[in-house]
Q: 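Have a look at the structure that comes next, please.
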Amino acid sequence: MKNIITLIIICFFTSTIFGQITDPVATEVWEPVPRVVSSPSDKFVPSDAIVLFDGKDLSAWKSARKDTLALWTTDGEAMTVKPKTGDIESKQSFGSIQLHIEWRTPAQVESEGQGRGNSGVFFQKRYEVQVLDNYNNKTYPNGQAGSIYKQYIPLVNACRAPGEWQSYDIIFMAPEFNADGIRVRPGYLTVFHNGVLIQNHVEVQGTTEYIGLPKNIAHGDAPIMLQDHGNLVSYRNIWVREL
Ligand code: MG
């Protein structure tokens with residue numbers, strides 16, 4: 001009898017019966033408390049986001065070729081590639097981030113394959129999530145819209161018609177390199193295209209090369225780069241949250 005009473009007392013204080021947790025409170029975790037982040041419904045920009053473009057100007061961007069101004073055009077809402085002025089990059093460098101970006105390929109369809117509404121969002125200037133008009137436009141699938149260029153085919157084709165605004169919501173986990181320049185953790189990408197999951201935590205193989213295999217040369221934080229592929233692709237509402 002004494003042993004049973006002892007067991008009951010032990011169970012009472014440890015909330016367990018023969019090793020099984022019986023008290024719901026025992027598995028509640030109260031720290032740390034997530035900080036409050038608001039996401040107003042009118043603009044959908046979270047309160048802790050860094051806004052890289054809100055339509056006003058390109059002050060958060062510069063030419064990726066040289067230390068000069070970004071020369072793409074703006075109209076108060078969007079920025080548009082100005083062909084032959086080159087890629088542009090954020091002045092700020094980033095590691096792992098959540099990125100929201102909206103893009104639109106030209107309503108007037110010209111060319112085909114990789115020549116139709118081509119641009120791209122490069123993380124750390126090296127890892128491209130392809131932007132392309134793939135609404136009834138065939139190309140190699142590992143180079144279509146939403147592909148991790150020449151590495152991962154998107155799970156589905158969520159493209160809207162040319163001339164319509166589309167969105168990417170992307171989680172980029174930056175690769176890590178040790179002091180010897182060896183990659184000790186690969187990068188990862190998760191991509192939602194117009195709210196549809198198209199890349200599910202894929203392991204970035206290295207740089208997204210047009211020709212040849214991915215490379216893994218050590219680097220640190222680096223800018224987001226948008227590609228001038230000669231097509232009049234527009235972007236708007238660009239914000240990031242550092243992770
Ligand atoms: Mg591209």
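Read the numbers this way: they start at 1 and go in the same order the structure lists the ligands and their atoms.
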Q: Please tell me if the side chains of Y152 and Q205 come closer than 4.5 Å, counting only heavy atoms from C-beta onward.
A: yes

Q: Pairing donors with acceptors under 3.5 angstrom, does anything connect the side chains of Q166 and N194?
A: yes

Q: Do the ring planes of H219 and Y127 sit parallel (below 30°), tilted (30 to 60°) or perpendicular (above 60°)?
A: tilted

Q: Relative to W165, does R160 satisfy both conditions: NZ or CZ under 6.0 angstrom from the six-membered ring centre, and within 45 degrees of the ring's axis?
A: no

Q: Check this for me: Y135, atom OH, are more than 12 non-hydrogen atoms of other residues, nucleotides or ligands nearer than 6.0 Å?
A: no

Q: Does a salt bridge link E209 with K215, judged by any charged N lying under 4.0 Å from a carboxylate O?
A: yes

Q: In total, how many protein N/O/S atoms does one find closer than 2.8 Å to the Mg ion (ligand 1)?
A: 5

